[in-house]
Amino acid sequence: GAAANLRPGRNVIAVRVTNSTGPAGLTLGIFQSYFGGEFETITPTEWLCSDKLAKGWNTPKFSAKGWVKAKVVGQPGDAPWGEVAQEVDGPRRSQMLRKEFELPAEVVRARAYVSGLGYYELRLNGFRVGDDVFTPGWTQYEKRIQYQVYDVTDLLKIGRNAVGAILGNGWWSSGLGWAGGMERHAKPGENLRFLLQLEVECTDGSKHVIVTDSSWAAHLSPIVEDTLYHGETHDARLEQPGWDKPRFDAKDWQPVKIVKDPLRKLCAQRGPTLRVTEELYPVKITEPKPGVYVLDFGQNHPGRPKLTVKAPRGTTIRMVHAEYLKPDGTLERANYRSARVTDTYICKGSGVEVWEPRFTYRGFRYMQVTGLPSKPDRTTIVSRVLHSAPPMAGTFECSNPLLNRILKNVRWGQRSNMHSVPTDCPQRDERLGWMGDAQAFAPTSIWNMDMALFFTKWMRDILEAQQPDGAVPGVCPNVGDWVIGPGRSAWADAITIIPWYVYVYYGDRQILEQAFPGVRKWVEYMQTKLSKDGLYEEPTWGDWVPVEPTPDRPIAAMFGYHSTNLLAHMAQILGKKKDADRYRKLAEAQRRAFNKKYLKPDNNYVTATQTSNILPLAFGMVEPDRQQAVADNIAKDVKKHGGHHTTGFLGTAFILPVLAQHGHADLAYGIVNTDEYPSLGYMIKKGATTIWERWNTDQMGPGMNSRNHFAFGSMAQWFYEGLAGLNPDPEQPGFKHVIVRPYIVGDLKWVRADYPTLYGRLASEWKREKGSLRLRVTIPPNTTATVCLPARDVARVTESGQPLTQAPGVTVKGPEGDRLLVRVAAGTYEFVIQQ
Ligand code: BGC
């Protein structure tokens, strides 16, 4: 974010450190800048410091006479990777742990209860247990750590058995955050940990419990480096064949150290685990320089290589990753910033070797390989796609291939950014649970995948990341105060919005019960920070990376209202009458104050940008008699911009429904049916296979510029809800009652979508025919729907060939605006509307 402050010539980095109780301390990382094509890293090594504030101290011209040379406290992990001692605050060296034990009889049943920090891979008698990756998953580790349970009956046997584990750094101790990944959950001296309870029942009735204790032995693993951002280095020469099998000679293994401060509060696995869901083969292999091969996997995705190779001992094969290429065909990696995304395999030289890193992943499309003994073919390296893997959910398809393609990109963007928590991006030195992104994209993600458990788990992480005063950080899990920005609106508000969506789309009242105390604390926190106008106007990241910026503080006020209003609804639903009254009143007061301060006589809010007007409409802040005029102002502005939106993360999530609901559906369709800048289609025209972080990613320098951020994919919500017309009804959540309201727009000839609600399949399909429109809807058992037909005259509509008024299961409610409302019971209906 500092780019705007840098200029050609001399610059100064100045830091003021305050600390009221002890000596001031400061840790400085790596500053990186992008100067007209050159990516430069400035590692500050020498600083001057003073305890007096002099005028101009932070400008380049200042003469620092009398200032003393300060000692820099740098990242202790500045030592070469892999040589970092276990005790310092750097990534830890991967360890193997093992134990052997006897079983007197065949096994009837056996279960492993297992956890660790950062990642563990459990092995029994030479086999890997389960197919989950990155276990135990990412939570707010300081508060809660998940454990997994595996049925391991088939892996144990009578006689001697061996249990083993390999540990890696993962989210716990890899180092996270920009500026070199300086933030760690693990504190100095906190090493990798492992916890196991193996419960076995044998045919002779005996029961055995094998647990982690001082009888276990440990050894460094062949993984000499592993971090999320930088990748993994595996020296196969250090492998110890048979280490995870019985009768292994473990004489040079050390006894394990029992950790006094055990794992924090454990909880069972909360959401879906991460898995490898697919393998991608390269679609193209080039050799831009002799011996340097570039593999194009054809798709930006979250993955890691699986290498199959036969090469002499000591051959070092390096695989580096990127999202796009330089003109000379080699990798452009500057937008990964400090993340080195490099996997290295050192061959042991014994026949065909197959290797896949265990403890790392990244988003990429291209892989550059060096060190191979010969030219690779399609099967030398495949990419293993991995992410949190709940089942896929809805489908959408229409006659416009561009929209279908957009949805494909959106889905890849989603899979790329589900790694135990929703992340902003999968590639550069962030991959963090940025909450503004996730809440904006949440409904779209719900249509695409079954997100109920994933969000329920993350909501608990958020509650655990909440500060004692009620402030909510901007990322969750929170890995350092630098990203807290206590109470940044639209990010922090995920604490309210995520459970609300889970309630609306899945009908889960329990999530509201669980979230309620935290949401109330958050809303009460905002109450303590109200401006003199009675609004929550604290700084926030606002309408992030828009075409036209909107001031952040009024946006904070809008979200302040939104959370308070949703809290009132939650209280009402949960039967908390007093709370409902209090928050309804507080919300109403904010709504009035907001309109007083920010609504202009010309029916524009704030600075009249699209986002200024979209959010008040989306959140229900606008008086009924002015809603149409405000919406018309958005429409005017869209036309002024040649049919384009100018919104960032926040406005984009609502622009299409807000326009459509106010008679501008064709304009909404136009915003997605274009490949001119700015649009999702433009990204695709420029080669995107996922969704970019910025509308103008191709025109910007690489610093903060990912090609795989899901946030702008939020437009796809309207494909399902607007074009196909499938909408949940918050009054009867979880699709108990469905509102079917399709927009028949533009050049679209047909649309079809379906969605597996908890009651069964919900579907809608429409098609223009000669002089008529055919709409087929399927309403799941035990639910009802209101179908808002694009028709005015009952006489011109039939259902399954019968006049509408006589069709079984259909009750005509009457006209509403330009629609004819009918109520239907569960079943499949085929409406034909004469036009
Ligand atoms: C992230 C965004 C995030 C933002 C907040 C960025 O660096 O990638 O997606 O929401 O910071 O300011």
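Sequential numbering from 1 along the given sequence is applied to the chain's residues.
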> Do Asp226 and Ser94 get their side chains close enough for a donor-acceptor pair, meaning under 3.5 Å?
Replying inline: no
>> One pair to check against side chain to side chain contact (heavy atoms under 4.5 Å, CB included): Met526 and Asp493. What are the steps and the verdict?
In response: CA-CA 11 Å; Met526 289 195 282; Asp493 292 293; 4.1 Å; yes
> When you measure from the side chain of Thr360 to the backbone N and O of Leu228, does any donor-acceptor pair fall under 3.5 Å?
Replying inline: yes
>> Does Asp461 form a side chain to side chain donor-acceptor pair (under 3.5 Å) with Thr139? I'd like the steps, not just the answer.
In response: CA-CA 6 Å; Asp461 296 336; Thr139 48; 5.2 Å; no
>> If we check side-chain hydrogen bond (donor to acceptor under 3.5 Å, both in side chains) with Tyr120, which of these qualifies: Arg193, Gln95, Gln148?
In response: Gln148
>> Do the side chains of Glu464 and Arg270 get close enough for a salt bridge, i.e. N-O under 4.0 angstrom?
In response: yes
> Do Thr697 and Asn705 have side-chain N/O donor and acceptor atoms under 3.5 Å apart?
Replying inline: yes
> Taking it one step at a time, do Thr316 and Thr344 satisfy side chain to side chain contact (heavy atoms under 4.5 Å, CB included)?
Replying inline: CA-CA 7 Å; Thr316 301; Thr344 306; 3.5 Å; yes
>> Between Asp424 and Arg431 (salt bridge meaning N to carboxylate O under 4.0 Å), is one present in this structure?
In response: no
> Trp541 ring centre to Arg488 NZ or CZ under 6.0 Å, with the angle to the axis within 45°?
Replying inline: yes
> When you measure from the centre of the six-membered ring of Trp412, is the NZ or CZ of Arg415 under 6.0 Å away and within 45° of the axis?
Replying inline: yes
>> For Tyr366 and His321, I'd like to know if the aromatic rings sit close, meaning centre-to-centre distance below 6.0 Å.
In response: no
> What residue among Gln427, Glu323, Arg365 forms side-chain hydrogen bond (donor to acceptor under 3.5 Å, both in side chains) with Asn300?
Replying inline: Glu323
> Are Arg707 and Tyr324 in a cation-pi setup, meaning NZ or CZ lies under 6.0 angstrom from the ring centre and within 45 degrees of the ring axis?
Replying inline: yes
> Hey, mind stepping through His219 and Gln240 against side chain to side chain donor-acceptor pair (under 3.5 Å) and telling me if it holds?
Replying inline: CA-CA 10 Å; His219 198 285; Gln240 302 188 39; 3.1 Å; yes
>> Check this for me, if you would: do Asp343 and Arg362 make a salt bridge, where the nitrogen-to-carboxylate-oxygen distance has to be below 4.0 angstrom?
In response: yes
>> Rounded at 0.5 Å granularity, tell me how far CG in Leu192 sits from CD1 in Ile166.
In response: 12.0 Å
